[in-house]
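Treat the numbers as computed from the prediction; the structure is a model and nothing was measured. The figures here come from the full heavy-atom set of this structure, side chains too, leaving out hydrogens, waters and symmetry mates. Heads up: numbering here begins at 1 and tracks the sequence.
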Amino acid sequence: MPAATNKADLLAVTQKEFGKLTGLVETVDPIFAMQKEDDTSIKDVIAHRAHWIDLFLGWYADGQADKPVSFPAEGYKWNDLKRYNADLRERQADLSWEDAKATLDKNHARLTDWIDGLSDEALYGGPMKGANNKWTPGRWAEAAGPSHFRSAAKYIRARLRSK
């Protein structure tokens with residue numbers, strides 16, 4: 001699927017993929033959602049997706065404020081993602097299934113409001129400040145939102161099939 005190139009398409013794909021994910025999430029038994037397979041549960045995946053929206057919005061805000069942007073987070077490099085995600089699962093270990101879903105809903109709303117508040121030019125007119133690459137804010141938003149929603153849905157479907 002090609003990446004969105006304007007605000008209307010970004011909003012549409014964000015809503016579409018979030019709708020698919022939340023429809024699937026609502027079919028997951030809460031006990032099953034908490035069961036680990038290879039050290040990861042469905043709850044962990046949902047909490048992870050909510051967290052990455054928050055990370056992205058922080059990267060954007062830091063870049064806009066001319067602050068240093070830590071990708072993916074302070075003390076981690078992109079090649080540390082496996083460690084970062086393991087550390088994140090540990091930090092989110094006490095999060096309930098209901099709290100993970102609520103956080104995803106809240107952060108999806110924040111992402112949608114953020115997209116809605118920017119113009120096509122602000123979203124796609126040039127690289128995101130502080131990112132040190134050519135990706136636009138809109139492309140980063142798509143990676144943090146709809147692309148992550150798709151991969152979470154794929155993970156959940158696979159777990160449900162293996163049940």
Side-chain angles (χ1 to χ4, degrees), residues 3 10 13-65 67-115 127-133 135-163:
L10 180 58
V13 73
T14 299
Q15 297 298 50
K16 176 184 170 188
E17 297 301 336
F18 185 72
K20 286 181 182 179
L21 176 59
T22 56
L24 184 58
V25 161
E26 291 309 314
T27 69
V28 176
D29 176 78
I31 294 170
F32 185 68
M34 301 296 284
Q35 293 174 353
K36 301 261 187 191
E37 181 175 290
D38 296 328
D39 200 37
T40 304
S41 68
I42 292 172
K43 183 273 298 187
D44 293 335
V45 169
I46 294 302
H48 173 271
R49 294 331 190 251
H51 174 77
W52 276 82
I53 293 170
D54 193 49
L55 275 179
F56 160 69
L57 292 172
W59 299 333
Y60 181 80
D62 287 347
Q64 292 300 299
K67 294 179 181 176
V69 181
S70 298
F71 285 100
E74 185 145 351
Y76 297 89
K77 295 180 181 176
W78 286 113
N79 62 357
D80 294 325
L81 279 180
K82 193 172 191 170
R83 180 174 60 91
Y84 180 79
N85 290 333
D87 291 348
L88 177 61
R89 282 191 303 276
E90 189 175 312
R91 287 192 310 271
Q92 295 177 330
D94 293 333
L95 193 67
S96 72
W97 175 232
E98 290 304 317
D99 287 342
K101 293 189 304 179
T103 303
L104 182 66
D105 288 345
K106 178 187 81 167
N107 285 352
H108 167 260
R110 290 177 58 220
L111 178 63
T112 301
D113 289 346
W114 176 86
I115 295 167
M128 187 169 86
K129 279 180 80 175
N132 299 318
N133 66 20
W135 275 24
T136 64
R139 183 65 190 95
W140 278 104
E142 189 165 348
S147 294
H148 257 166
F149 300 157
R150 271 192 296 278
S151 66
K154 181 179 177 181
Y155 175 84
I156 293 168
R157 284 191 300 273
R159 286 288 307 273
L160 290 171
R161 277 193 305 273
S162 72
K163 222 166 128 174

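- In summary, the side chains of Arg150 and Ser147 do present a donor paired with an acceptor at a separation below 3.5 Å, with no hydrogens or angles considered.
- Summarising the geometry, atom OG1 belonging to Thr14 is positioned 4.0 Å from atom CD1 belonging to Ile115; distances are rounded to the nearest 0.5 Å.
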Test log, rule side chain to side chain contact (heavy atoms under 4.5 Å, CB included), inputs Met128 and Phe56:
CA-CA 11 Å; Met128 187 169 86; Phe56 160 69; 3.7 Å; yes
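- The side chain to side chain donor-acceptor pair (under 3.5 Å) search around Lys20 returns none, not counting sequence neighbours.
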Tell me, with the steps shown, if Asn85 and Arg89 meet side chain to side chain contact (heavy atoms under 4.5 Å, CB included).
CA-CA 6 Å; Asn85 290 333; Arg89 282 191 303 276; 3.9 Å; yes
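- In this structure, the side chains of Leu81 and Pro72 come closer than 4.5 Å at one or more pairs of heavy atoms.
- With rounding to the nearest 0.5 Å, the separation of NZ in Lys43 from OG in Ser96 is 8.0 Å.
- Between Ser41 and Phe32 the shortest side-chain heavy-atom distance does not fall below 4.5 Å.
- Scored by the side chain to side chain contact (heavy atoms under 4.5 Å, CB included) test, Val25 finds Leu21, Ile46, Trp97, Lys101, Ile156 as partners (sequence neighbours excluded).
- The shortest side-chain heavy-atom distance between Thr27 and Leu24 falls under the 4.5 Å cut-off.
- Evaluation of the side chain to side chain contact (heavy atoms under 4.5 Å, CB included) rule for Arg91 yields His51, Tyr76, Tyr84, Asp87, Leu88 as partners, not counting sequence neighbours.
- Between atom CG of residue Leu57 and atom CH2 of residue Trp52 there is a gap of 13.0 Å, rounded to the nearest 0.5 Å.
- Expressed to the nearest 0.5 Å, how far CD of Gln35 lies from OG1 of Thr40 amounts to 13.5 Å.
- For the side-chain hydrogen bond (donor to acceptor under 3.5 Å, both in side chains) condition, the pairs that include at least one residue of residues 103-114, sequence neighbours left out, are Gln15-His108, Asp54-Arg110, Asn107-Arg110, His108-Thr112.
- Using a cut-off of 4.0 Å between Lys/Arg side-chain N and Asp/Glu carboxylate O, Arg83 and Asp80 are scored as salt-bridged.
- One finds the CG atom of Leu111 at 10.5 Å from the CD atom of Glu142 (value rounded to the nearest 0.5 Å).
- Taking 4.0 Å as the cut-off between side-chain N and carboxylate O, Asp62 and Lys129 do not count as a salt-bridged pair.
- Residue Pro146 comes nearest to Ala141 through the heavy atom pair CD-O, 3.7 Å, listed as atom of the first residue, atom of the second, then distance.
- When the side chain to side chain contact (heavy atoms under 4.5 Å, CB included) test is applied to Ala47, the partners found at least two apart in sequence or on another chain are Gln92, Leu95, Ala100.
- A donor-acceptor pair shorter than 3.5 Å can be found between the side chains of Arg49 and Ser151.
- Residues satisfying the side chain to side chain contact (heavy atoms under 4.5 Å, CB included) test with Asn133, not counting sequence neighbours, are Ala131, Trp135, Trp140.
- The local environment of NZ in Lys36 is crowded, with over 12 non-hydrogen atoms from other residues, nucleotides or ligands closer than 6.0 Å.
- Atom CD1 of residue Ile53 and atom CG of residue Leu104 lie 5.5 Å apart, to the nearest 0.5 angstrom.
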